[in-house]
Amino acid sequence: MILVDTNIIIDFWDKPSDEYAKIFEENEIATCGVIKTELLRGSNSENQFSQMEEALNDFTYLSFSEKDWILLSKQFITLKQNGLAVPFQDTMIAYLAIKHNCEVWTNDKHFKLMQVVLPALKLFDFHDSRV
């Protein structure tokens, strides 16, 4: 399963490509609340909001339980102890990816930084998938 970050989905919606489409079609794609919110808040009309919401409903949804919030807090502490201050939403995405054994597909540099401290965090390599 691949947890696709906001920046990748926006890139695909703005400039659809066959290579991206193939990955979306051939893999189980996941999203989560923070990614959905980031995408939907960018809509410019009710119609666009509805279209975006419908498209996102095709993805597997990963959610947080009460216990996950405690474990996420511990992940923040681990990152902080290793000198990393990472945006809240990126840390949430990383946590869910680790919990669900997903790869994160992103262009965000914070994930490679987190991966050094959180070795269970797997990143999807778009370039390797095209070989």
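Any value given below was found using the heavy atoms of this structure, including those in side chains, with hydrogens, waters and symmetry copies removed.
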Q. Going through the checks in order, is the side chain to side chain donor-acceptor pair (under 3.5 Å) test met by Ser50 and Asn47?
A. CA-CA 5 Å; Ser50 295; Asn47 185 47; 5.8 Å; no
Q.
Return the CD to CZ distance between Glu54 and Phe49, rounded to the nearest 0.5 Å.
A. 12.5 Å
Q. When you measure from the side chain of Asn82 to the backbone N and O of Val117, does any donor-acceptor pair fall under 3.5 Å?
A. no
Q) Counting distance only, does the side-chain N/O of Gln75 pair as donor-acceptor with the main-chain N or O of Thr91 below 3.5 Å? A) yes
**Q.** Test item: Asp68 side-chain N/O and Ser65 main-chain N/O as donor-acceptor pair under 3.5 Å
**A.** yes
Q. Does Ile10 reach the side chain of Leu39, with side-chain heavy atoms less than 4.5 Å apart?
A. yes
Q. Rounded to the nearest 0.5 Å, how far does CG of Asp5 lie from OG1 of Thr31?
A. 9.0 Å
**Q.** Any Leu96 side-chain heavy atom under 4.5 Å of Val34 side chain
**A.** no
Q: Go through the steps for Ile8 and Phe124 under the test side-chain contact (heavy atoms from CB on, under 4.5 Å), then give the verdict.
A: CA-CA 11 Å; Ile8 299 297; Phe124 178 76; over 6 Å; no
Q.
Quick check: do Trp69 and Met92 have side-chain heavy atoms less than 4.5 Å from each other?
A. yes
**Q.** Side chains of Met114 and Thr78 in contact at under 4.5 Å (non-hydrogen atoms)
**A.** no
Q: For a side chain to side chain contact (heavy atoms under 4.5 Å, CB included) with Cys102, tell me which candidate from Leu62, Ile2, Ile93 qualifies.
A: Leu62
Q) Hey, does Val4 have a side-chain heavy atom less than 4.5 Å from the side chain of Phe24? A) yes
(Q) Less than 4.5 Å apart, side chain to side chain, heavy atoms only: is that true for Leu123 and Leu121? (A) yes
**Q.** Pro87 side chain reached by His110 side chain, heavy atoms, under 4.5 Å
**A.** yes
Q: Hey, could you give me the CE/CZ distance between Met52 and Arg41, rounded to the nearest 0.5 Å?
A: 10.5 Å
Q: Check the hydrophobic clustering (I, L, V, M, F, W, Y; side-chain heavy atoms under 4.5 Å; chains of links allowed) and say if Phe88 and Leu79 are grouped together.
A: yes
Q) Is Tyr61 reachable from Ile98 through a run of I, L, V, M, F, W or Y residues, each pair having side-chain heavy atoms under 4.5 Å apart? A) no
Q | Gap between atom OG1 of Thr6 and atom CG of Leu40 - 0.5 Å precision | A | 10.0 Å
Q. What's the verdict on side-chain contact (heavy atoms from CB on, under 4.5 Å) for Asp108 and Asp90, showing C-alpha distance, side-chain angles and the deciding distance?
A. CA-CA 9 Å; Asp108 187 322; Asp90 292 346; 2.9 Å; yes
Q. What's the spacing between Glu38 CD and Cys32 SG if we round to 0.5 Å?
A. 8.0 Å
Q.
Checking Met1 against Asn101 for the side-chain contact (heavy atoms from CB on, under 4.5 Å) test, could you report, in this order, the C-alpha distance in whole Å, the side-chain angles of both residues, the deciding distance, and whether it holds?
A. CA-CA 8 Å; Met1 185 169 13; Asn101 196 30; over 6 Å; no
Q.
Would you say that Val116 contacts Leu84 through its side chain, given a criterion of any heavy-atom pair below 4.5 Å between the two side chains?
A. no
Q. How far does CD1 of Ile9 sit from OG1 of Thr106, to the nearest 0.5 angstrom?
A. 10.0 Å
Q: Locate the shortest heavy-atom distance separating Phe12 from Ser17; write the atom from each residue and the value.
A: CE1-O, 3.6 Å
Q: Work out which heavy atom in Val104 is nearest to a heavy atom in Ala97; give both atom names and the distance.
A: CG2-CB, 3.3 Å
Q. Residues in ring pair (Phe, Tyr, Trp, His ring centres under 6.0 Å) with Tyr20, at least two apart?
A. Trp105, Phe126
